[in-house]
Asks: 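The structure follows.
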Number of protein chains: 2
Amino acid sequence: MSIDGLKEIKQPNERCRVVIETIANDVRDLQLFDGVQDATILKLMRAGYDQSFPPYVTLINEGTPANFLHIVVEGMVELFAGANKREATMAVVRPVSTFILAASVRDAPYLMSARTLQRSRVLLIPSADLRAAIANDNRFAMNVLNELAGCYRSMVRHAKNLKLRNTRERVAAYLLRQSRLLGNAPGFILPVEKRLLASYMGMTPENLSRALKSLAEDGCKIDGQRIIITDRAKFEALAALSPWLDGPDPEASQAGVSLPLPETDL
Amino acid sequence: MSIDGLKEIKQPNERCRVVIETIANDVRDLQLFDGVQDATILKLMRAGYDQSFPPYVTLINEGTPANFLHIVVEGMVELFAGANKREATMAVVRPVSTFILAASVRDAPYLMSARTLQRSRVLLIPSADLRAAIANDNRFAMNVLNELAGCYRSMVRHAKNLKLRNTRERVAAYLLRQSRLLGNAPGFILPVEKRLLASYMGMTPENLSRALKSLAEDGCKIDGQRIIITDRAKFEALAALSPWLDGPDPEASQAGVSLPLPETDL
DNA sequence: TCGGATAATTGATAAATGTCAATCGATGGG
DNA sequence: CCCATCGATTGACATTTATCAATTATCCGA
């Protein structure tokens with residue numbers, strides 16, 4: 001099931017009204033729209049479609065033209081890429097965030113596919129309208145620029161991580177980074193299935209499983225989805241986070257190319 | 001030797017004149033400046049410094065503030081990142097291209113270090129002036145946006161490549177891609193040292209060496225720096241290029257995150 | 001509450017990749 | 001022209017990672 005049929009929706013204005021009334025505030029809070037005049041946002045909303053999808057529906061196939069900028073309003077969306085009969089998770093996006101901004105801006109084919117992981121509500125802004133808004137509203141252009149620069153930096157970090165760390169180091173760094181994002185929480189719950197986590201970090205589920213287990217003796221215990229840092233000093237020494245690889249930096253918190261924040265209710 | 005001392009250069013205006021007279025045309029040809037009014041470009045040039053560096057000089061240390069946008073005018077510059085006592089080449093930039101645009105735009109620390117590989121001439125534009133130009137000139141802002149989107153997409157490809165292909169596949173894909181960029185040239189000369197190539201593709205030099213050797217039986221012979229595709233059909237079947245991983249796409253030709261084009265004078 | 005499906009784990013093994021050391025080869029300076 | 005240096009290659013070996021198969025755990029719907 002693809003969303004190409006969307007273009008045939010007959011009553012965009014009705015849909016638009018729904019959008020504006022129910023989610024405009026969430027969307028407006030996006031950094032992307034910070035300080036942007038209402039006229040620009042309204043025009044984008046009016047051009048957009050508000051759609052809900054069941055879990056595990058493909059929204060985008062890589063290689064197709066980027067007709068829409070997507071904004072996740074509810075649910076959870078996985079970005080992934082395939083080749084050689086393999087598949088790799090590139091990011092998991094949670095509300096409220098945009099995804100695949102770059103393809104829309106450049107009017108180029110999507111480089112990633114997207115599928116819902118849960119029932120999800122997605123706002124679809126035609127790329128042409130997006131580009132028009134960028135051209136007409138300087139403030140909006142600046143925001144898009146900033147967002148894209150953040151996405152880029154996030155992807156640089158991802159690539160560095162892949163090239164400079166082995167499996168165990170990537171896992172340790174990921175866990176400690178998550179804890180730090182939660183204010184040095186001593187424990188948290190993994191935000192996504194482990195197979196997704198493994199794919200995101202470029203390893204097999206089996207390998208991730210063993211790596212997680214092996215971290216017990218270095219200060220981080222795993223119990224199902226639950227992560228407990230038992231010896232922070234030891235674990236931090238092992239993970240050896242670096243600011244230029246792991247943040248903290250503004251862009252790290254964006255959904256650019258990352259996984260969702262975990263929950264901390266242990 | 002770092003370039004921090006640059007800020008103390010006493011006669012920026014003299015330097016500026018040199019810049020404008022001798023290299024303005026090359027620089028003006030950058031997509032970044034396409035259609036941009038002269039006033040904007042002149043202002044940037046006037047604010048910039050024109051510097052030459054010997055080979056193997058560090059221009060940027062990752063983690064330091066992004067005070068300058070860099071434009072390589074002559075020579076060759078390597079972008080790399082380090083962690084865990086390891087080091088990874090992220091890109092090799094050749095004239096005329098900018099590098100580390102994202103950090104300058106966001107006023108954030110560099111995520112990559114840079115060093116010259118040859119005697120190089122680099123134009124340094126203070127990031128503050130860059131941001132001012134973006135804010136004041138809408139066309140320039142659009143160009144920067146496009147450039148950044150291209151860099152992002154190039155980095156997405158790089159990450160996909162790392163996650164979806166093994167060593168041999170990455171090597172084969174790289175070689176075939178280079179040939180294709182040269183109009184399906186049957187042979188070419190590697191544009192950088194093999195150790196850089198290996199590091200760029202996330203493998204050891206030894207591993208690259210063996211991979212290259214093993215490709216002989218699949219239609220691609222290696223002789224020192226010289227690459228000869230002996231059986232194109234066979235080699236293409238092996239490499240299995242995908243448009244969403246390997247282009248062709250406008251951004252692929254940009255220096256965003258790649259290696260230079262090889263030479264084809266066999 | 002019970003199955004059935006799917007994810008996670010574990011063990012055994014194979015394959016890929018990295019490391020170390022030695023040698024070869026090209027290149028540039030004295 | 002020779003030597004010193006550094007990159008490339010090769011072999012032997014260690015380590016990491018993937019694969020395959022079997023089992024266990026977990027979640028969801030009937």
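Numbered from 1 within each chain, the chains take letters A, B, ... in sequence-line order.
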Asks: Choose from D/dA8, C/dG18, C/dA8 the nucleotide whose nearest atom is closest to any side-chain atom of B/Met203.
Replies: C/dG18
Asks: In whole angstroms, how far is the P atom of C/dA15 from the CG atom of B/Asn207?
Replies: 17 Å
Asks: Are the side chain of A/Ser120 and the backbone N or O of A/Phe53 linked by a donor-acceptor pair below 3.5 Å?
Replies: no
Asks: Round to a whole Å and report the spacing from CG of B/Leu212 to P of D/dG7.
Replies: 17 Å
Asks: Can you tell me how far C1' of C/dA16 sits from CG of B/Leu164, to the nearest Å?
Replies: 17 Å
Asks: Output the rounded distance in Å from CZ (A/Arg226) to P (D/dT26).
Replies: 11 Å
Asks: Does B/Thr204 place a side-chain N or O at less than 4.0 Å from the phosphate oxygens OP1/OP2 of C/dG18?
Replies: yes
Asks: Using OP1 and OP2 only, check whether a side-chain N or O of B/Thr167 sits under 4.0 Å from C/dT17.
Replies: yes
Asks: A/Asp246 and salt bridge (charged side-chain N to carboxylate O under 4.0 Å, His left out): which partner among A/Lys160, A/Arg157, A/Arg180, A/Arg165?
Replies: A/Arg165
Asks: Round to a whole Å and report the spacing from CD1 of A/Ile189 to C1' of C/dA8.
Replies: 17 Å
Asks: Quick one: do B/Asp218 and B/Arg168 make a salt bridge, cutoff under 4.0 Å?
Replies: yes
Asks: What is the distance, rounded to the nearest whole Å, between atom CD1 of B/Ile222 and atom P of D/dT10?
Replies: 11 Å
Asks: Answer whether the closest heavy-atom distance between the side chains of A/Leu196 and A/Leu117 falls below 4.5 Å.
Replies: yes
Asks: Need to verify one output field. Residue with the more 5' nearest nucleotide on DNA chain D, A/Gly224 or A/Arg168?
Replies: A/Arg168
Asks: Rounded to the nearest Å, what distance is computed from the OH atom of residue B/Tyr56 to the P atom of nucleotide D/dT5?
Replies: 17 Å
Asks: All N/O contacts under 3.5 Å from nucleotides 11-14 of chain D to the protein, with atom names and distances to one decimal?
Replies:
{"from": "D/dG11", "atom 1": "N7", "to": "B/Arg210", "atom 2": "NH1", "distance (Å)": "2.9"}
{"from": "D/dG11", "atom 1": "O6", "to": "B/Arg210", "atom 2": "NH2", "distance (Å)": "3.4"}
{"from": "D/dA12", "atom 1": "N6", "to": "B/Arg210", "atom 2": "NH2", "distance (Å)": "3.4"}

Asks: Can you find a heavy atom in the side chain of B/Met203 that is under 4.5 Å from one in the side chain of B/Val171?
Replies: yes
Asks: Look up atom NZ in B/Lys234 and atom CD1 in B/Ile229, then write down how far apart they are to the nearest 0.5 Å.
Replies: 14.0 Å
Asks: For the pair made of CD in B/Glu193 and P in D/dT9, what is the distance, rounded to whole Å?
Replies: 12 Å
Asks: Taking only N and O in the side chain of A/Asn166, is any of them less than 4.0 Å away from OP1 or OP2 of D/dT16?
Replies: no
Asks: Would you say the side chains of B/Ser199 and B/Glu87 form a donor-acceptor pair under 3.5 Å?
Replies: no
